[in-house]
Amino acid sequence: MSNIRHALSVKREDDFAAWYQAVVSEADLAEESGVRGCMVIKPWGYGIWERIQRLMDDRIKATGHENCYFPIFIPLSNFEREADHVEGFAKEMAVVTHHRLIADNDGKLIPDPEAKLEEPLVVRPTSETIIGDAMSRWVQSWRDLPLLTNQWANVVRWEMRTRMFLRTSEFLWQEGHTAHADAAEAKEHTKRMLEVYRACAEDDLAMPVIAGEKPENERFPGAVETWSIEAMMQDGKALQAGTSHYLGTNFAEASNIRYQDKDGGQQLCHTTSWGVSTRLIGGVIMTHGDDDGLRVPPAIAPWQVVILPMLRDKPEDEALLAYCEELRAGIAGKSALGEKVRVLLDKKPGKAAAKRWDWVRKGAPVIIEVGGRDMDNGCVSWIRRNELHRPDGKLNSLVTSRDSMIDGIAAELERTQNELFKEAEDRREANITRGIGSMDALTAFYTENTKFPGWVEVQWSKPTGDALEKVVEQLKALKLTIRNVPVDADPVDGNCIFTGEPAVERIFVAKAY
RNA sequence: CGGGGAGUGGCGCAGCCUGGUAGCGCAUCUGUUUUGGGAACAGAGGGUCGCAGGUUCGAAUCCUGUCUCCCCGACCA
């Protein structure tokens with residue numbers, strides 16, 4: 001294995017955090033902006049986001065939602081209507097207080113004291129309150145329900161410690177907001193959207209997730225129930241990849257979202273909200289990345305196939321380009337994963353070998369190199385990003401006729417998509433430990449397995465309030481958190497490892513991002 | 001927000017302690033020779049050292065403040 005020459009200088013095994021940053025930079029996904037916690041998303045990274053947006057948006061629309069857009073600024077008085085919500089977000093808000101700049105005595109621009117806003121505006125950290133405001137106007141009758149909306153937007157949370165894609169001060173996301181006539185319908189919808197997230201994560205991002213309910217202490221501020229999908233990263237930590245909240249009537253009361261029922265009475269709506277963000281890209285990196293860079297699942301790859309002609313700056317180049325163009329057109333005419341294949345003929349000047357490694361680091365699923373020798377034989381040389389190296393360490397370069405490359409591309413991409421999922425799922429299953437029956441055993445487990453502990457599934461009695469706080473404190477000492485209560489777990493058959501009382505459900509415990 | 005480290009051409013760094021107006025590698029550009037596992041050689045362009053003050057005849061270097069990034073912690077829907 002040591003004779004493989006990898007494209008990255010840092011290996012996952014040696015320093016996972018440094019490796020992560022290397023992938024972000026080497027795969028040309030994003031870069032620092034100079035503004036605290038904010039990143040510039042580069043074309044390849046944004047292209048992946050656009051793919052995720054497209055696929056997620058289709059799923060959201062298929063479940064009956066319509067997109068809207070609400071303002072980035074929320075009046076302070078509007079934001080402070082829901083007490084728990086305020087408490088949860090108050091310490092990480094960006095606030096606009098002035099609307100004009102003037103030069104001071106030194107010629108430096110400062111906010112004009114004369115231009116102070118009567119009421120400060122907060123930059124949205126999430127939009128429950130301002131959308132609630134709109135809902136209170138839009139919903140009058142039971143006939144207006146359910147109200148199913150969604151918006152794609154940026155939000156700002158003034159985080160203390162940021163990491164590219166995983167936790168940035170500003171991030172891009174989708175936030176769905178719905179209003180329903182009763183609790184049962186709203187709760188059902190909360191789970192329906194969780195299922196949409198699970199399907200998108202698994203089928204589109206090839207990222208296996210555990211869907212489940214968050215414990216009380218991890219709820220969204222103002223929520224009655226919070227559900228999540230949790231993915232295991234390659235260092236064994238958990239990443240919360242999406243959340244769906246049943247908000248009860250909390251925000252309906254705060255924003256006065258009411259409807260007149262069939263009997264003429266006034267009823268409060270039950271609302272939900274749910275979101276996924278650019279954090280998903282961080283999840284893709286840490287699920288599929290390897291020591292040669294990123295591997296992008298074909299469903300979300302901006303380019304699924306990249307063709308690199310071996311140009312020589314000679315007259316023969318013309319014939320080679322024509323040969324490659326026929327290849328490109330042939331592949332572009334095929335469909336895979338339900339869409340036309342996205343194929344790029346990369347004519348950018350430069351050596352094919354150097355460009356190949358650029359695309360390896362970016363993680364294009366299929367990279368085809370075509371030289372004069374291939375053209376003469378009616379062939380192409382190509383590599384599968386998933387199987388880059390042979391066991392002997394050599395680059396796993398394959399040669400195929402051009403026609404069979406074209407005919408086989410759809411199957412190749414679909415196979416890659418499935419392999420990435422399978423690999424991640426196998427890794428996750430291999431790193432979930434079950435059957436730990438006591439807090440002592442849990443402590444021992446995490447003390448012994450510091451390098452790659454993975455997740456542990458335990459049974460608990462679902463304590464609440466102070467009793468839950470105690471459990472949280474115990475776990476915190478081990479740097480662990482409760483991830484969620486999986487929806488489709490086996491029935492319980494023992495006692496709670498924290499309280500000793502009869503267990504009522506299974507939970508996942510893990511270190512988390 | 002607490003502790004630690006760091007900001008010097010596009011990237012990675014040296015120089016700083018013992019002030020005297022910048023240097024290396026990679027990348028870039030041009031030319032030549034090359035070419036199927038990340039080309040070689042030659043030449044060239046590009047920075048006033050994060051930013052703002054201060055000390056000094058003189059500051060990348062010393063002092064103060066500030067911003068940003070990285071690591072650890074606290075926090076984290």
Side-chain angles (χ1 to χ4, degrees), chain A residues 3-9 15-18 20-22 25-26 28 31-39 84-85 87-92 106-108 124-128 155-164 166-169 171 173 175 214 217-223 226-228 240-245 247 273-277 279 292-293 308-314 316-317 320 349-361 367-377 379-383 388-390 392-399 476 479 481 512-513:
Chain A
N3 54 351
I4 297 178
R5 183 179 172 193
H6 287 292
L8 298 185
S9 54
D15 186 341
F16 196 79
Y20 177 82
Q21 291 184 77
S25 145
E26 297 291 309
D28 238 5
E31 62 186 22
E32 294 296 344
S33 64
V35 179
R36 180 189 181 77
C38 296
M39 60 181 175
D84 289 337
H85 194 61
E87 195 186 325
F89 285 108
K91 54 191 179 297
E92 52 185 53
D106 301 325
K108 296 188 66 171
R124 64 180 163 217
T126 179
S127 305
E128 275 75 8
V155 289
V156 170
R157 296 178 189 181
W158 213 261
E159 300 287 353
M160 284 298 121
R161 193 170 160 194
T162 59
R163 302 188 67 179
M164 296 252 234
L166 297 175
R167 180 170 290 110
T168 45
S169 301
F171 55 91
W173 78 344
E175 51 180 320
K214 285 284 195 185
N217 63 307
E218 299 266 356
R219 270 181 210 143
F220 174 76
T226 286
W227 299 72
S228 73
Q240 178 176 299
T243 49
S244 184
H245 316 288
L247 304 172
S273 70
W274 25 278
V276 297
S277 71
R279 174 181 261 200
D292 293 291
L308 302 174
M310 296 176 161
L311 301 173
R312 295 281 163 78
D313 291 325
K314 289 182 179 159
E316 304 90 275
D317 286 357
L320 186 65
K351 290 203 65 171
K355 282 159 60 178
R356 169 178 65 223
W357 288 104
D358 287 343
W359 284 108
V360 164
R361 283 187 288 264
I367 302 167
I368 305 176
E369 292 175 84
V370 186
R373 203 184 299 163
D374 298 308
M375 179 171 65
D376 295 342
N377 297 328
C379 291
V380 300
S381 302
W382 61 293
I383 51 178
L388 195 57
H389 303 282
R390 293 181 186 146
D392 65 3
K394 291 229 161 60
L395 192 68
N396 189 23
S397 187
L398 310 164
V399 178
K476 197 170 168 184
K479 297 187 178 181
T481 55
Y513 277 96

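If you're wondering where the values come from, they're calculated on a predicted model, not measured in any experiment. Chain letters run A, B, ... following the sequence lines, proteins first and then strands; every chain starts at 1.
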When rounded to whole Å, the NZ to P distance for the pair A/Lys91 and B/C75 reads 10 Å
Query - Short side-chain N/O contact from A/Gln21 to OP1 or OP2 of B/C71, under 4.0 Å - result: yes
### Query
In whole Å, what separates the P atom of B/A59 from that of B/C67?
25 Å
- Task: Given side-chain contact (heavy atoms from CB on, under 4.5 Å), test A/Met310 with A/Glu369 step by step and report yes or no.
- Result: CA-CA 7 Å; A/Met310 296 176 161; A/Glu369 292 175 84; 3.7 Å; yes
Nearest heavy-atom contact between A/Thr226 and A/Arg219 is OG1-CA, 3.6 Å
(Q) With heavy-atom distances below 4.5 Å as the criterion, would you say the side chains of A/Phe220 and A/Trp274 are in contact? (A) no
Students often get this wrong, so: under 4.0 angstrom with heavy atoms, is A/Gly275 touching a base, only sugar-phosphate, or nothing?
nothing
Discussion item. In whole Å, measure the gap between the P atoms of B/A44 and B/G58 for me.
Written reply: 35 Å
| said: Let's test your reading of the model: under 3.5 Å, does the base of B/G38 pair with the side chain of A/Arg5 as donor and acceptor? | reply: yes
Here the distance between atom P of B/G73 and atom CZ of A/Arg163, to the nearest Å, is 11 Å
Practice problem: Quote, to the nearest angstrom, the C1' distance that separates B/C62 from B/C49. | Solution: 15 Å
**Report entry** Pair of N/O donor and acceptor under 3.5 Å linking B/G38 base with A/Asp358 side chain
**Finding:** no
Looking at every strand, decide which applies to A/Arg390 at a 4.0 Å heavy-atom threshold: base, sugar-phosphate, or nothing.
nothing
Got a list of protein N/O to nucleotides 27-35 of chain B N/O distances below 3.5 Å?
| residue | atom | partner | partner atom | Å |
| --- | --- | --- | --- | --- |
| B/U35 | O2' | A/Arg312 | NH2 | 2.9 |

Separation of B/G38 atom P from A/His389 atom NE2, nearest Å, is 13 Å
Beyond-backbone contact of A/Thr126 with A/Glu175, side-chain heavy atoms, under 4.5 angstrom: yes
Residues passing the ring-ring contact (aromatic ring centres under 6.0 Å, His included) test with A/Tyr20, sequence neighbours excluded, are none
*asked:* What's the gap between B/G20 and B/A39 when it is taken at their P atoms, as a whole Å value?
replied: 41 Å
